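Some notes on the structure that comes next.
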Amino acid sequence: MNTPAIIAIEQVSKTYESGGGPVVALQDINLTIAPGEFISLIGPSGCGKSTLMRLIGDLAQPSAGSIRVKGKTPEQARRDRDYGIVFQAPVLYDWRTVRKNVELPLEVMGLNDTPRSERANAMLSLVGLQDFGDAYPWQLSGGMQQRVSIARALAFSPSILLMDEPFGALDEMTRERMQAELLRIWGGAETDTTVIFVTHSIPEAVFLSDRVVVMSPRPGRIERVISIDLPRPRDVTTREAPRFFELVTEVRESLHEH
Amino acid sequence: MSDGAVLAQQASDSNRQHRLPWSRVRPWLFALLILVVLAVLWEIVKVVFQVSDQKLPHLWAIGSAFFDRPRGADGPLRAAILFESALATFGEALAGFVIGGLLGILLAMLFASSRLLERGLLPYVVGSQTVPILAIAPMVVVGLGQLNAPDWLAKAIVAAYLTFFPVTIGMLRGLRSASPDALDLMRSYAASPLQVFVKLRFPAALPNLFTSLKIAATASVIGALVAELPAGSQKGIGVEIIKAAQFYNANPPLLFATILMSALIGLCFYGAVALAEQLIVRERKAE
């Protein structure tokens with residue numbers, strides 16, 4: 001790749017101390033990600049895909065190797081608020097209304113009342129929840145809650161969006177709708193947002209990504225990186241294209257190679 | 001169900017609740033029913049086991065005790081005297097509740113901020129509660145009396161002694177209840193420790209805090225009441241209980257009336273805290 005990397009991961013390893021001795025969660029990870037890329041990390045549980053995401057986001061520290069984000073350490077990038085994070089659970093604060101939840105990062109960053117609520121309203125419109133700003137999280141369905149979580153993560157226009165199995169708890173139909181929704185939001189964002197998307201669903205990874213990073217467990221390492229050459233914008237017809245199935249098969253086979 | 005339908009359904013559910021007062025009245029009627037059943041049981045026990053009026057007065061005798069005029073025909077009703085005593089006790093309990101509550105919250109914040117402090121101090125906090133309050137109360141009352149402290153303060157401190165413990169434990173649990181994901185989220189915003197406390201840990205702790213405050217409310221009444229028992233107290237429902245117990249043979253229903261009145265203070269206090277809880281954490285989903 002000729003574009004300058006936004007994220008450069010070199011020889012990264014992560015070892016956990018556990019009761020039964022050290023556990024190698026990640027070993028010798030090398031990965032370079034370009035600005036605006038949509039990258040999926042896929043693999044069976046225990047392959048360290050979530051750990052890798054957490055290392056990038058400075059939610060955990062590598063045992064060896066180096067990670068550079070926009071030329072900085074992950075910690076500096078976090079302090080510069082380069083990361084928006086979406087977890088599998090929506091993690092909405094249940095004492096705040098939907099709008100107040102979206103405003104949370106903006107409050108922390110010291111934005112004034114008016115621009116804050118304007119921004120929150122714009123984000124809620126982006127995810128199609130403009131009429132639900134005054135509702136409380138528990139009044140929304142799971143899919144709607146996760147959309148609020150995405151709106152919150154994007155509220156401060158971070159350059160990198162980290163998503164840890166964000167649709168893992170949703171039913172299949174909601175899930176496919178949310179995937180299309182995510183691509184629309186990602187495509188419509190004013191800045192070139194880079195997405196790191198952790199998943200264990202093969203069609204999901206193929207449908208969303210520019211590249212799929214296939215990982216294997218014990219110790220966690222990168223098995224293969226598969227470029228997804230499906231044209232964008234992608235929609236329901238993408239899922240029916242022969243090339244889609246070829247790529248799904250390719251990812252599946254590299255997952256089962258060992 | 002579509003997204004909108006979920007909300008519409010919930011809206012209509014809550015509307016129905018407003019339209020039909022029955023669902024709001026029913027729990028109260030049920031409580032009243034239990035009261036009637038207890039009263040009937042009381043009288044049945046008296047008849048079946050032939051318990052004398054001296055040991056277990058009739059309910060109507062207890063009821064009429066409220067309408068005595070112990071200070072002569074022109075004097076106030078017993079109910080008024082007891083109510084005044086109850087108010088005094090309530091005031092002491094409230095002061096103790098506030099002191100103990102604040103102390104409990106402070107201790108919990110201290111323990112939440114440092115495992116070392118928690119390990120070092122928590123055993124003493126637990127130990128404090130194993131000392132019988134009946135032994136502590138006279139010491140506090142006499143000690144503060146010698147310092148010429150106001151009468152109510154000693155009682156408030158004994159009440160606080162019983163109050164701070166559940167609040168410390170409940171609040172500590174609450175401050176630790178924020179999920180790791182919620183904390184990671186704050187970390188990703190590069191939030192300061194103060195922001196994490198104000199925007200996440202404290203609001204997340206409120207349901208636990210209120211649970212412990214409800215326990216503390218009734219405990220503070222017991223504390224104030226016990227502190228009134230040592231000689232020298234002027235007013236309070238504890239004083240009335242002691243007097244009624246001393247002259248029990250002359251007027252058995254009076255002791256039961258004073259006990260009833262002291263139970264009423266605890267109930268009212270609990271109700272007030274529960275109401276505050278409703279107002280403050282009402283928007284959260286019922287657990």
Side-chain angles (χ1 to χ4, degrees), chain A residues 53-54 57-60 74-98 100-101 103-110 128-129 131-132 134-145 147 149 152-153 155-156 158 160-162 164 174 177, chain B residues 1-18 171 174-211 213 276-287:
Chain A
M53 189 210 85
R54 294 176 64 82
D58 191 43
L59 299 177
E75 191 194 350
Q76 191 54 49
R78 176 175 63 81
R79 297 204 174 284
D80 292 346
R81 281 130 183 182
D82 283 331
Y83 303 116
I85 301 185
V86 179
F87 295 102
Q88 176 168 4
V91 201
L92 301 175
Y93 293 4
D94 61 3
W95 53 91
R96 286 174 167 254
T97 61
V98 164
K100 284 281 170 195
N101 265 287
E103 285 183 23
L104 176 70
L106 306 172
E107 269 176 38
V108 171
M109 291 165 201
L129 290 176
D131 297 333
F132 296 92
D134 295 320
Y136 282 94
W138 56 271
Q139 295 174 300
L140 307 186
S141 66
M144 292 164 87
Q145 290 185 17
R147 268 145 75 189
S149 172
R152 180 184 56 189
F156 53 101
I160 297 161
L161 188 57
L162 303 174
D164 192 358
T174 312
R177 215 174 61 211
Chain B
M1 218 180 311
S2 83
D3 294 346
V6 176
L7 265 200
Q9 178 65 35
Q10 271 149 359
S12 84
D13 282 352
S14 67
N15 272 344
R16 213 168 296 143
Q17 230 168 29
H18 287 298
M171 186 67 181
L175 287 175
R176 296 229 166 102
S177 70
S179 74
D181 280 353
L183 287 164
D184 276 346
L185 207 59
M186 278 302 199
R187 182 176 162 83
S188 79
Y189 303 152
S192 69
L194 182 68
Q195 285 175 322
V196 175
F197 181 81
V198 172
K199 294 190 190 299
L200 174 58
R201 285 194 188 274
F202 188 78
L206 285 180
N208 281 305
L209 176 64
F210 271 105
T211 303
L213 284 180
E277 179 184 29
Q278 283 264 305
L279 293 175
I280 292 170
V281 296
R282 65 179 160 180
E283 70 270 22
R284 300 188 194 192
K285 191 178 181 177
E287 281 162 47

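Lettering of chains follows the sequences in order, A, B, ..., and the numbering in each one begins at 1. Note that the structure is a prediction, hence the values are computed from the model and not measured.
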(message) Looking at every non-hydrogen atom in both residues, tell me the closest pair between R81(A) and A190(B) and how far apart they are.
(response) NH2-O, 3.4 Å

(request) Of all the heavy-atom pairs spanning L185(B) and V91(A), show the shortest one and how long it is. (result) CD2-O, 4.0 Å

(message) Can you tell me how far apart CG (D164(A)) and CG (D184(B)) are? Round to the nearest 0.5 Å.
(response) 10.0 Å

(request) Please state whether the side chain, the backbone, both or neither of D82(A) comes within less than 4.5 Å of a heavy atom of chain B. (result) neither

(request) Could I get the full list of ring pair (Phe, Tyr, Trp, His ring centres under 6.0 Å) partners for Y189(B), not counting sequence neighbours? (result) F156(A)

(request) Measure S188(B) against the heavy atoms of chain A and call it side chain, backbone, both or neither at under 4.5 Å. (result) both

(message) Donor-acceptor check, side chain of R187(B) to backbone of R78(A), threshold 3.5 angstrom: yes or no?
(response) no

Quiz: residues 192-209 of chain B side-chain donor-acceptor pairs under 3.5 angstrom, not counting sequence neighbours:
unit_1, atom_1, unit_2, atom_2, d
S192(B), OG, Q195(B), N, 3.1
Q195(B), OE1, S192(B), N, 3.0
Q195(B), NE2, V108(A), O, 2.9
K199(B), NZ, E107(A), OE1, 2.8
R201(B), NH1, L175(B), O, 2.9

